There are 2 protein chains.
Amino acid sequence: MKNIESGITTLYQVASRAGVSPATVSRFLNGTAKVSDDKRRTIERVIDELNYKPNRLAQSLKMGSTNTIGVLTQSLESGYFNRAMVGIEDAVKASGYALLIMSGHWHADEEAERVELLIGRRVDGVAILTGNMSDKQILDFSRRVPIVAFGREVQGERTQAFCLDNYGGACEAVEYLISQGHRRIAHIAGPPDHRDARERLAGYNDTLAKHGIPSDPRLVVTGDFSESSGLLALNSLLVANVRFSAIFAANDLTAYGARLALYRRNIRVPEDISLVGFDDLESSMYTTPPLTTVRQPLYEVGTGIGRRMLAMLGHQQPAADVPGLSLVVRESVRLV
Amino acid sequence: MKNIESGITTLYQVASRAGVSPATVSRFLNGTAKVSDDKRRTIERVIDELNYKPNRLAQSLKMGSTNTIGVLTQSLESGYFNRAMVGIEDAVKASGYALLIMSGHWHADEEAERVELLIGRRVDGVAILTGNMSDKQILDFSRRVPIVAFGREVQGERTQAFCLDNYGGACEAVEYLISQGHRRIAHIAGPPDHRDARERLAGYNDTLAKHGIPSDPRLVVTGDFSESSGLLALNSLLVANVRFSAIFAANDLTAYGARLALYRRNIRVPEDISLVGFDDLESSMYTTPPLTTVRQPLYEVGTGIGRRMLAMLGHQQPAADVPGLSLVVRESVRLV
DNA sequence: TTGAAAGCGCTACCAA
DNA sequence: TTGGTAGCGCTTTCAA
């Protein structure tokens, strides 16, 4: 009776008040079998009177599935990941799935702990957004729950993963800079323990080499994907007194920081120095000048994750192709 | 047996393999009662062997609480709300709560639907981040689940709410502009159906009046809190050929858009036009120039929500005071 | 200290 | 078309 007090009704209460068996109410609710018209009507009425809502917990326990997809992100505040999150949600919402989101903060142990929590809550599948867990860890988890990972290369019976071509994106960015006449191109790299960062750096190096431009180690300085690291990196570049006409930043945030460092010293973008980012965050269209950057189709990454997950969970799904990276040319690069 | 196949172990399996009763295993797990040392050791061993993890679903069904807090946000992509989200998570994590996040997109019907879903999943409490539901709707929900709302003024037996002083924040911003010698101040307002937006507008109007500055309706143009609306708003202001030396934007995003409009026309900030925002988003420190804006202590709002929620759920909690708004002066305003 | 068993709210099987 | 009932995995009386 505590349930009556707390205003929560059970299926049994509906049944008894409607003078039918719980089974019948259940059948009515789920359309599992024909229910005679008169009973159907009384049940409907009683449900309404009592404002009855099924207890999804009990349903889940019974059915063995929670209609919930766990998402391991790295930060709740990342505009980057959250764009993908929206994609995931849009993709799975119609099938009745909700998202249970946890963040691992790029720390393998924490990530594993979160996935463990997710599994403990019996999510039907886990979506992993990059991170630092080992492939082995992921494969281990996948014995307990189907996994779709983005920014990883694991594959397994119940594990799907896909990446974007960071290397190619970086090449495209640098190619563009070169096509605009730049030869002295600095790079603010991302953290070396970060796969995407390494690939972007490789793309930078290889493209320079391809064009016979000698690489100058003083031109690449390491950041950590944050605005402040971009600011710092550029300051150190400026102090070191190396000459360069363009900067390729490992991501947009870093580019923002670099932009500010330039602003502080009255160096104009793009008149004095050209700047290219990576990611194409929402706000990169509104920086001054609007940032030329490599667009990551994050929303589509999200829907791709969602669709793959639905497919693994046995839902009919159209193929989920994710478009590639593409350079979006705005106004932060000048032709020299 | 399907559980064995799928690699998921139940408490009964642990019990039988350890040669004890399920009750004993449960007691061991929860420390509910003394368990003899030898049994404890075998149980521990078996749990390890079987890699047993309790089914939280079953626990929740039995205990009547899911250790989950539902959060109704408006957009998964909003840096504004997500900062608060992190605060909520930090506040409740230690007590073992997870967050179930859904977004209502500023649409009362959708919001209600989401809260309904949250309740259906038997969250222990619901945190509401502003939105457009009526107070009555919220109060109705609160008969089924405790609610903490931010940016609302409802109060009820199981409903707590708190706001930030948007009016005061706007006054402070405009006061500052006036103190720097500005008298012709434009305002890009937020959507009129948005309480915060109305308050900020009122603060703008009243502060002007207080200083005997005649209000000029041509100086206020309405946006919708987005960058693009800021851009549009400023363009229309510029086209209308009204004179002004400063802009007070209803939020930072709008300010970004306005900033770009200015940039497009080679109008310098702050040399030619001063600009003040509202919110103090993460990135406002890195715009060029860094944006002077009214800081909203969103993280603290989040922890405030979390702490209030924990208190309602019966956890001992220190008082949860949320600091007020404060102007952060950076470089987008000039003394005229 | 331990076990047997009831029951959380639901679904689905088996009979009728 | 309907009802009775077992059982999902767990916790917690009640007895022993």
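Worth saying up front: this structure is predicted, and the values here are computed from it rather than measured. Note on naming: letters A, B, ... go to the chains in the order of the sequence lines (proteins, then strands), and numbering restarts at 1 for each one.
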task: Between C/dA6, D/dG7, C/dA4, spot the one nearest the side chain of B/Ala23, thanks.
output: C/dA4
task: Classify the ring geometry between B/Phe162 and B/Phe150 as parallel (under 30°), tilted (30 to 60°) or perpendicular (over 60°).
output: tilted
message: For A/Asp37 and A/Tyr12, find the nucleotide of DNA chain D closest to each by heavy atoms; which residue's nucleotide sits nearer the 5' end?
response: A/Asp37
field: Rounded distance (Å) that lies between atom C1' of D/dT2 and atom CZ of A/Arg40
entry: 14 Å
field: Protein-nucleotide distance (B/Gln59, atom CD; C/dC8, atom C1'), rounded to Å
entry: 13 Å
query: OP1 or OP2 of D/dG3 less than 4.0 angstrom from a side-chain nitrogen or oxygen of A/Thr24, does that happen here?
result: yes
query: Would you say a side-chain N or O of A/Ser60 is under 4.0 Å from OP1 or OP2 of D/dC8?
result: no
message: Just by distance, no angles: are the side chains of B/Thr68 and A/Arg121 close enough, under 3.5 Å, to form a donor-acceptor pair?
response: yes
- prompt: Between B/Lys39 (NZ) and C/dG3 (C1'), how many Å, whole number?
  reply: 10 Å
message: If I take atom CG in residue B/Asn55 and atom C1' in nucleotide C/dC8, what distance separates them, rounded to the nearest angstrom?
response: 13 Å
- prompt: Taking atom types as they are modelled, is there a donor-acceptor pair under 3.5 Å from the base of D/dG9 to the side chain of A/Arg122?
  reply: no
query: Once you round it to whole Å, what is the distance between C1' of C/dG7 and CG of A/Leu61?
result: 12 Å
query: Any idea which heavy atoms bring A/Leu313 and A/Asp124 closest together, and the distance?
result: CD2-O, 3.3 Å
- request: Choose from C/dC10, D/dC10, D/dT2 the nucleotide whose nearest atom is closest to any side-chain atom of A/Lys62.
  value: C/dC10
- prompt: OP1 or OP2 of C/dT11 sitting under 4.0 Å from any side-chain N/O of A/Thr32?
  reply: no
message: Is there a side-chain contact between B/Tyr299 and B/Asp90 in this structure, where contact means two heavy atoms from C-beta onward sitting under 4.5 Å apart?
response: yes
task: Counting heavy atoms from C-beta on, name the nucleotide in D/dC10, D/dC8, D/dT12 closest to the side chain of B/Leu11.
output: D/dC10
message: At 4.0 Å (heavy atoms only), tell me whether B/Tyr52 reaches a base, stays on the sugar-phosphate, or touches nothing.
response: sugar-phosphate
- line: A/Ile43 CD1 to C/dC10 P, in whole Å, measures 13 Å
statement: Of the listed D/dT2, C/dT2, C/dA6, the closest approach to the A/Arg27 side chain comes from D/dT2
query: Does a side chain donor of either A/Tyr80 or A/Gln296 reach within less than 3.5 Å of an acceptor in the other side chain?
result: yes
task: Measure the distance from CG on A/Leu29 to C1' on C/dC10 and round it to the nearest whole Å.
output: 10 Å
query: Are OP1 or OP2 of C/dT11 and a side-chain N or O of A/Asn30 less than 4.0 angstrom apart?
result: yes
query: Is B/Ser26 touching bases, backbone alone, or none of the nucleic acid, heavy atoms closer than 4.0 Å?
result: base
Distance, rounded to the nearest Å, where B/Arg56 contributes CZ and D/dC10 contributes P: 12 Å
